[in-house]
Amino acid sequence: MSTQMPVGDGFRLSVCSKLCYAIGGAPNQVAGSAASFFLQIYLLDIAHITPFHASLVLFIGKASGAITDPVAGFFISKSRWTKIGRLMPWVLACTPFTIVSYFFMWYLPPFVSGRVAWYLTFYCLFQSLTTSCSFFPYTDQRDRDSATAYRMTMEVLGTLIGAALQGQIVASAHISPHCTVNPSAKVYMIAAGVIAGVYLLGTVVLFLGVKERDDPYALNSDRAIPFCKGLALTMKHGPYVKLTASFLLISTAVQLEQGNFVLFCTHAAGLRNHFQYLVVTILVSAVVSVPFWQKFLQRFGKKCAACGISWMIPFAVMLVTIPNLILAYFVAFVSGLSIAASLLLPWSMLPDVVDNFRLQNPHGKGHETIFYSSYVFFTKMSAGIGLGISAAGLEFTGYKPGICRQSDDVILTLKLLIGAVPAILILLGLFILLFYPITEESRKETKLGNVNSYNLLLYRRKWYC
């Protein structure tokens with residue numbers, strides 16, 4: 001669970017506040033990236049459950065997290081402010097259970113018949129407990145974009161840390177080209193313990209460094225929008241629908257790349273000795289490129305920056321058709337650039353959508369909870385469907401856990417899941433984004449309109465009182 005720090009009008013965020021706020025979003029990415037890259041191959045080659053059952057675990061787990069998001073949004077919108085804010089009590093209450101569920105998600109139980117239920121239970125718990133309860137900073141547009149860039153940089157760094165730690169620790173379970181090494185589940189438990197410690201540390205920093213403040217544009221007497229009514233209004237808000245539909249497809253493509261990349265390197269590209277380094281290359285590229293994308297979107301606009309997401313398409317297709325070690329590292333570097341753009345842009349554009357909605361509904365507050373929780377619901381659900389279908393495709397084509405060489409049909413399926421399918425999804429997502437109506441000029445007009453609306457309401461309230 002992550003939180004952001006709203007600040008009052010005229011209040012500027014310090015660098016320390018931005019860093020703590022950013023670090024607070026990293027633990028979910030550390031744990032989530034390890035699961036995205038390695039959970040599927042762990043279920044197949046370590047736990048030895050069938051691809052069909054793995055697809056059920058992945059889909060139902062993601063679906064449970066998706067369903068929990070709007071439910072959590074409902075209860076949080078009904079929560080009262082405490083001395084430590086509205087969101088922070090939820091974060092602190094969920095963290096111990098999140099850590100326990102994450103650890104047991106990588107534990108290999110001694111029984112065989114109930115393993116599917118075991119992993120399904122703890123993966124669902126983990127996904128549900130890490131429900132995203134994110135708010136954006138109520139501050140100047142440039143300051144807000146800066147805070148978002150801090151957060152995205154730290155979250156991509158968290159993704160790097162999670163995948164790097166997991167990859168380096170568990171590599172010994174998968175590197176043998178002749179299957180002479182029996183995969184060990186102990187290394188996965190060690191990795192889980194390390195990442196659980198990182199999760200706890202990030203939550204402590206968040207608690208100590210982030211202070212919540214209420215929406216300055218909503219008067220104290222304004223009532224929060226009822227959740228069901230707010231959800232209906234959200235689904236009718238054109239900019240939100242277009243943005244969500246676009247990044248729903250793009251995030252599904254990224255999830256397919258992450259979920260099948262290690263399997264592709266191991267079974268289809270002959271790169272089983274390099275997969276952990278390729279994963280690190282992807283994420284290092286993503287981390288160092290976030291400041292570049294932040295400057296790019298400030299100068300050329302957010303819709304223009306979205307074109308960078310498509311950079312990975314031709315190179316991924318080349319890797320699928322011509323597997324080569326040097327090309328693989330180059331593809332990993334370019335993919336990192338695209339992944340950074342896909343992570344930064346939606347969280348940079350969602351606050352603009354919320355501002356646009358606020359301008360049209362100036363008397364309500366609490367709507368940002370609905371926007372963020374419903375957005376995460378759709379992206380998690382689409383990712384769950386994509387991962388479930390990909391694992392089911394491996395089952396259909398005859399994937400055999402633990403064998404040295406998979407069939408040609410399985411290899412072809414892995415190539416499609418890395419190349420053609422993500423390419424189609426990204427292109428469709430970018431096509432929908434062409435119709436996204438919020439431009440740099442309209443953002444400035446919306447900001448000015450919100451300030452004027454707030455001042456007018458405040459003036460009327462004082463006049464009639």
task = Please identify each residue that fulfils ring pair (Phe, Tyr, Trp, His ring centres under 6.0 Å) with F330, with sequence neighbours left out.
result = F315
Trace of the side chain to side chain contact (heavy atoms under 4.5 Å, CB included) decision for L56 with L120 = CA-CA 8 Å; L56 290 180; L120 183 60; 5.7 Å; no
ask   = Does a side-chain heavy-atom distance below 4.5 Å link S251 with S342?
value = no
task = If the plane angle is over 60° it's perpendicular, under 30° parallel, otherwise tilted; pick one for F300 and F296.
result = tilted
query = Does the side chain to side chain contact (heavy atoms under 4.5 Å, CB included) test come out yes or no for L249 and I426, once each step is laid out?
reply = CA-CA 6 Å; L249 295 170; I426 289 173; over 6 Å; no
F292, CZ: over 12 other non-hydrogen atoms inside 6.0 angstrom = yes
request  = Check step by step if side chain to side chain contact (heavy atoms under 4.5 Å, CB included) holds for S335 and E257.
outcome  = CA-CA 9 Å; S335 296; E257 290 274 357; 5.6 Å; no
ask   = So do C20 and L206 actually touch side chain to side chain, heavy atoms under 4.5 Å?
value = no
task = State, to 0.1 Å, how close S390 and N260 come at their nearest heavy-atom pair, and which atoms those are.
result = OG-ND2, 3.7 Å
ask   = What are the two closest non-hydrogen atoms of A340 and A286, and how far apart are they?
value = CB-O, 3.4 Å
inquiry  = Going by side-chain contact (heavy atoms from CB on, under 4.5 Å), name the residues that satisfy it together with A196, two or more places apart in sequence or in a different chain.
reply    = I99
Donor-acceptor under 3.5 Å (K303 side chain, L434 main chain) = yes
message = If you apply the rule side chain to side chain contact (heavy atoms under 4.5 Å, CB included), what do you find for I250 with L433, and how did you get there?
response = CA-CA 10 Å; I250 292 171; L433 197 61; 5.6 Å; no
ask   = Once the angle between the rings of F261 and F37 is folded into 0 to 90°, is it parallel (under 30°), tilted (30 to 60°) or perpendicular (over 60°)?
value = perpendicular
Side chains of L263 and L44 in contact at under 4.5 Å (non-hydrogen atoms) = yes
request  = Sequence neighbours left out, what passes ring pair (Phe, Tyr, Trp, His ring centres under 6.0 Å) with Y240? Give chain and number order.
outcome  = F371
message = For a 4.5 angstrom cut-off between non-hydrogen side-chain atoms, does V262 reach T266?
response = yes
task = With sequence neighbours left out, write down each residue that passes ring pair (Phe, Tyr, Trp, His ring centres under 6.0 Å) with Y123, or none if nothing qualifies.
result = none
remark   = Scanning both residues in full, the closest heavy-atom pair of M154 with L19 reads CE-CD2, 4.5 Å
request  = Keeping the roles fixed (side chain from T68, backbone from S64), state whether a donor-acceptor pair exists under 3.5 Å.
outcome  = yes
request  = Rounded to the nearest 0.5 Å, what's the gap from OG on S246 to CG on L430? Could you check?
outcome  = 6.0 Å
ask   = For the residue pair W311 and W293, does the interplanar ring angle fall in the parallel (under 30°), tilted (30 to 60°) or perpendicular (over 60°) class?
value = tilted
Nearest heavy-atom neighbours spanning T252 and G386 = CG2-CA, 4.2 Å
request  = Indicate the atoms forming the closest heavy-atom contact of G193 with F103, along with that distance.
outcome  = N-CD1, 4.0 Å
message = Does any part of the side chain of N356, heavy atoms only, come nearer than 4.5 Å to the side chain of H237, both counted from C-beta?
response = yes
inquiry  = Does any part of the side chain of L243, heavy atoms only, come nearer than 4.5 Å to the side chain of I432, both counted from C-beta?
reply    = no
Residues that F207 engages under side-chain contact (heavy atoms from CB on, under 4.5 Å), provided they are two or more places apart = I84, M88, L92
ask   = Between F126 and Y102, what is the ring plane arrangement, given parallel below 30°, perpendicular above 60°, and tilted in between?
value = tilted
task = Looking only at non-hydrogen atoms, find the nearest pair between D352 and K302 and report the distance.
result = OD2-NZ, 2.7 Å
query = Taking C-beta and beyond as the side chain, do I385 and F59 meet within less than 4.5 Å on heavy atoms?
reply = yes
F333, CZ: over 12 other non-hydrogen atoms inside 6.0 angstrom = no
query = Who passes ring pair (Phe, Tyr, Trp, His ring centres under 6.0 Å) against Y107, sequence neighbours left out?
reply = W118
inquiry  = Does any part of the side chain of L345, heavy atoms only, come nearer than 4.5 Å to the side chain of I309, both counted from C-beta?
reply    = yes
ask   = Has the side chain of T98 got a donor or acceptor atom that lies under 3.5 Å from a matching backbone atom of T130?
value = no
query = Looking at the rings of W106 and Y119, which for Trp means the six-membered one, are their centres under 6.0 Å apart?
reply = no
